[in-house]
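Here the structure is a predicted model, which means the values were calculated and not measured. Chain letters run A, B, ... following the sequence lines, proteins first, then strands; residues in each count from 1.
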Amino acid sequence: MLRVEMKITRNLTGGMPTPMRLRDLIRQIRAARTAADERAVVQKECAYIRSTFREEDNTWRCRNVAKLLYIHMLGYPAHFGQLECLKLIASSRFTDKRIGYLGAMILLDERQDVHLLVTNSLKNDLNSQTQFVVGLALGALGSISSPEMSRDLAGEIERLLKSSNAYTRKKAALCAFRIIRKVPELMEMFIPATRSLLTEKNHGVLITGVILITEMCSRSPDTLQHFKKLVPNLVRILKNLIMAGYSPEHDVSGVSDPFLQVCLLCNILFFFEQVATNTETSKNVGNAILYETVLSIMDIKSESGLRVLGVNILGRFLLNTDKNIRYVALNTLLRTVNADYNAVQRHRNTIVECLKDPDVSLRRRAMELCFALINGNNIRTMTKELLTFLEKADPEFKSQCSSKLFITAEMYAPSKRWHMDTMIKVLTIAGNYVPDDVVGNLIQMISETTPLHAYTTQQLWNNLTGELATRQPLVQVANWCIGEFGDLLNSSDGADAEPANVSLFLCEKSFLFVLCLTGVYFFSVFYPLIYLFFFHIRRIKKLIDIYGGNINIEIQQRAVEFSALVTKHNHLRPSLLERMPAMESKNPSGSALQNGQATEDELLGDSTSKDGPHESLTSTSDSSMFLDLLGGTSDIQATSSEVIKPTAPLSVSSDLLDLLGGLDSSTQVAPSPGCDPCVPELIMDGLVTPEEQKQTIPSLTAFEKNGLKLDFSFEKPVDNPQMIIILLSATNQTPTPMTDFLFQAAVPKTFQLQLLPPSGNVIPPSTDKGVTQTIKVINPNKSQLRMRIRISYNISGSAVQEQTEVNTFPSVIWE
Amino acid sequence: MLQFMLLFSRQGKLRLQKWYVAHPDKQKKKITRELITTILARKPKMCSFLEWKDLKIVYKRYASLYFCCAIDQDDNELLTLEIIHRYVELLDKYFGSVCELDIIFNFEKAYFILDELLLGGEIQETSKKNVLKAIAAQDLLQEEETPQGFFEDHGLG
């Protein structure tokens with residue numbers, strides 16, 4: 001019996017042993033103990049499969065390809081199976097075709113060379129009588145079609161869209177969807193057949209039809225017009241879905257066909273209220289539908305009632321116990337907070353609760369949202385919450401949070417004293433994570449608020465306890481203050497800071513920081529202290545002489561200077577060590593300026609005045625001049641934002657800037673857009689209607705040459721009659737893109753100019769969408785505006801620079 | 001539109017991968033590897049959505065398998081979770097109380113079911129019954145072709 005069996009088997013299989021079953025191969029591979037074992041099994045099998053492919057064995061090809069696909073999923077190369085897939089697809093057996101198409105979808109994406117060879121088989125199969133064969137072909141086409149294949153087979157797809165078989169129609173609709181994405185020009189040919197898709201009862205056809213129509217409408221506004229008439233049909237379908245009774249086929253947790261509902265909502269612009277009231281929210285599906293509703297409300301220019309409804313839905317989401325829902329709610333609220341500020345304020349408490357959520361992405365969003373919601377009324381409570389949050393926050397949050405706290409405190413602080421207290425608390429809590437520019441700005445601010453000098457210094461001195469190494473920014477600020485205002489430490493505000501204690505304490509602590517920037521700060525403190533505490537000078541000098549040989553060049557330099565000053569130049573002391581005058585801050589709203597404002601001298605040809613304050617270009621060579629304040633730029637990270645030069649007296653005595661040191665007023669805070677409500681127009685991501693202009697002011701073309709066109713359009717903000725906001729739009733009418741586009745402007749002395757960061761520095765060719773940039777001009781004297789502009793860009797590898805003056809500003813802007 | 005769907009085990013072994021956008025093989029492997037590491041590092045209480053590179057990733061764990069989808073920026077995440085759940089229900093109905101081993105040994109059938117649910121990254125059939133009917137009919141076609149023999153070693157085994 002056994003011999004007969006073997007004989008028959010041999011005849012059936014042409015003498016070759018039957019290939020291993022797929023199941024057995026999988027078992028063998030899983031049984032391998034080590035990676036080396038697995039590799040051995042796989043390689044053996046691959047070799048076997050390769051040889052059978054060479055033998056052109058039809059019987060077992062599909063089994064071998066199936067095994068190859070498994071091997072490919074494990075990560076091994078399987079490109080030698082590509083042609084075999086083609087042969088399987090061409091076979092007449094359904095089993096072969098099924099595996100063949102699966103293999104093609106896995107191994108043959110549009111980047112492979114043999115990809116196009118599938119086209120012919122696809123064409124044959126698309127004309128097959130069996131719906132499942134057609135289905136297989138459509139499935140493959142929908143997954144891997146390339147533009148060439150799409151062009152070849154578009155005609156077949158269009159024919160199949162009109163087929164009477166619902167199974168085929170729905171697949172054809174999604175193939176058409178993919179073809180349109182690959183080759184948008186072919187969209188026209190599908191439009192007639194699409195209308196009829198919506199009259200189907202079958203939900204599969206309906207949903208795929210709606211997806212197709214959505215894609216068409218998003219690509220071309222004409223199609224949108226064409227399909228607008230179909231909207232009532234869509235509405236009716238949605239209504240039926242909601243109102244109709246239970247349909248077991250499409251039901252998900254009591255909701256009738258949520259997928260189709262969501263799809264329809266993408267299309268329909270009204271009927272929100274009905275959906276919102278009738279949808280049950282205890283299950284994920286209900287929430288999915290409500291979320292889509294909210295997104296749609298925000299996308300269109302809804303009237304305020306609808307928007308409030310949207311925000312309330314989000315508020316309800318925030319109270320949901322499911323963290324996924326809360327995440328989605330926080331995310332969307334962040335996008336809408338600028339539009340519907342008051343509506344979101346109502347949910348402030350819930351948002352503050354989310355600050356304590358265990359999930360980090362929820363906490364981050366809650367933090368950003370909190371910053372967006374701070375205003376003059378709630379600043380105290382919000383700050384308290386945020387400080388608690390800051391204590392427990394992860395490191396990456398701490399720096400972001402502390403710089404944002406600084407900005408919001410500056411904008412909304414109810415009193416200067418509160419402001420100081422808060423900032424000192426931030427420095428203490430956030431420790432080393434406070435970014436450098438906050439330190440600089442804080443010092444600047446402290447120097448400005450003269451009445452509080454004593455109080456501030458006292459507070460800082462009190463806080464100089466604990467682990468100083470982790471709180472270097474605090475130490476830096478404290479150092480500067482004590483250096484400047486050390487004499488005030490003994491005034492009526494606080495009596496326990498003996499001058500001896502202060503200086504000795506600082507001497508001790510300076511040992512800790514000799515190798516870093518803070519150490520340099522320490523030294524800057526000592527200079528003014530000499531003036532005050534002369535009787536300790538011998539002790540101080542002895543300590544400092546030790547550092548004369550320190551490995552850090554900065555510290556060495558300081559120590560030697562100090563010694564020299566004390567011993568040889570005693571007579572210079574009083575004038576050198578006068579208190580620093582208050583530093584003016586140029587930009588109260590603190591936005592980052594990137595495209596530099598050129599010095600007035602350069603562009604307008606006036607003579608340089610030593611006394612007037614002026615800003616410099618952002619080139620590092622210029623900034624290094626000012627950063628020399630600390631004797632070197634190596635320790636300071638110069639950010640790409642502006643350098644502010646301190647006022648006149650300092651510019652005269654530039655050598656002495658070295659000695660007076662301790663100033664890090666060189667950089668400016670760059671606020672993150674999310675929390676800066678001063679410039680709402682810029683930060684919108686399309687969710688908000690731009691503010692209506694009170695009067696229409698004609699726009700003007702400022703510059704047009706060689707294909708580059710600059711248009712100025714004007715807007716007057718309602719709260720500031722002296723300000724005009726100019727929106728610059730740069731377009732490129734040549735066929736080559738322009739890169740590294742840089743716009744600079746200068747205005748006469750009586751004006752104040754502020755350039756906000758541009759949308760980008762590459763202008764794409766021949767489109768209407770170029771680079772935009774906002775310019776703000778304040779005109780306190782109501783004189784006629786003149787502006788000199790300089791433009792530079794690169795085109796086709798060569799750099800172009802243009803300079804011109806714009807005098808034709810309409811006078812109506814100053815009315 | 002879905003960009004890709006991955007199924008992988010708790011040990012990081014890939015069980016199924018379906019790509020709806022074309023990437024070179026090397027890049028696919030890189031994306032898969034990085035994404036699997038990222039998702040396996042997340043704690044159980046964390047949210048099911050994450051932003052990774054410029055994609056939105058939606059993932060859910062069912063027993064020992066992670067189902068992970070990458071969607072476009074303007075897609076609805078909650079709905080994607082529903083799609084994943086629908087796929088799991090279909091697998092469950094087809095295999096009868098599906099477990100990871102079913103998907104390992106019958107990966108081609110898992111692909112076939114996915115291809116009946118999603119096409120080109122979009123959902124094509126919302127009725128569970130219809131999807132299972134289509135799969136059953138195709139399985140029948142396959143069976144009819146293979147001669148029932150004494151030595152039934154044909155087909156995929």
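Remark: B:K29 NZ is packed, more than 12 non-hydrogen atoms of other residues, nucleotides or ligands lying under 6.0 Å away.
Of the listed residues B:E89, B:Q17, B:H23, B:H85, the one with more heavy-atom pairs under 4.5 angstrom with chain A than any other is B:H23. For chain A, the option among B:C47, B:S48, B:G120 with the highest count of heavy-atom pairs below 4.5 Å is B:C47. Among B:Q138, B:M46, B:E125, B:E122, the residue with the largest count of heavy-atom pairs under 4.5 Å with chain A is B:Q138. Of the listed residues A:E215, A:R178, A:M105, A:K67, the one with more heavy-atom pairs under 4.5 angstrom with chain B than any other is A:M105.
Proximity to chain B (any heavy atom under 4.5 Å) is restricted, for A:R30, to the side chain, taken from C-beta onward. Interface residue A:L69: backbone and side-chain heavy atoms are both found under 4.5 Å from chain B. Looking at A:D257, only its side chain comes within 4.5 Å of chain B, counting heavy atoms on both sides. Of the two parts of B:F107, only the side chain, counted from C-beta on, holds a non-hydrogen atom closer than 4.5 Å to a non-hydrogen atom of chain A. Neither the backbone nor the side chain of A:S145 comes within less than 4.5 Å of any heavy atom in chain B. Interface remark: A:N202 contributes side-chain atoms only to the contact with chain B (heavy atom separation under 4.5 Å). For A:F94, the parts sitting under 4.5 Å from any heavy atom of chain B are the backbone and the side chain alike. For B:K28, the part sitting under 4.5 Å from any heavy atom of chain A is the side chain, from C-beta outward, and nothing else. Only the side chain of A:R181 comes within contact range of chain B, with at least one heavy atom under 4.5 Å from a heavy atom of that chain. The contact between B:D139 and chain A is made by backbone and side chain atoms together, counting heavy-atom distances below 4.5 Å.
A salt bridge does not link B:D102 to B:R15: none of the charged nitrogens lies less than 4.0 Å from a carboxylate oxygen. For the pair B:D115 and B:K18, the salt-bridge criterion is met [side-chain N within less than 4.0 Å of a carboxylate O]. For A:D357 and A:R326, the salt-bridge test passes: some basic side-chain N is under 4.0 Å from an acidic carboxylate O. By the 4.0 Å N-to-carboxylate-O rule, B:E82 lies too far from B:R86 to be salt-bridged with it.
Aromatic ring pairs are classed by plane angle as parallel below 30°, tilted from 30° to 60° and perpendicular above 60°; the pair B:F67 and B:Y62 is perpendicular.
Partner B:K56 forms a side-chain hydrogen bond (donor to acceptor under 3.5 Å, both in side chains) with one of B:Q73, B:E51, B:E77, B:Q3 and no other, that one being B:E77.
A donor-acceptor contact under 3.5 angstrom links the side chains of A:R365 and A:N331, judged on distance only.
Both tests do not hold together for A:K97 against A:Y101: distance to the six-membered ring centre under 6.0 Å, angle to the ring axis within 45°.
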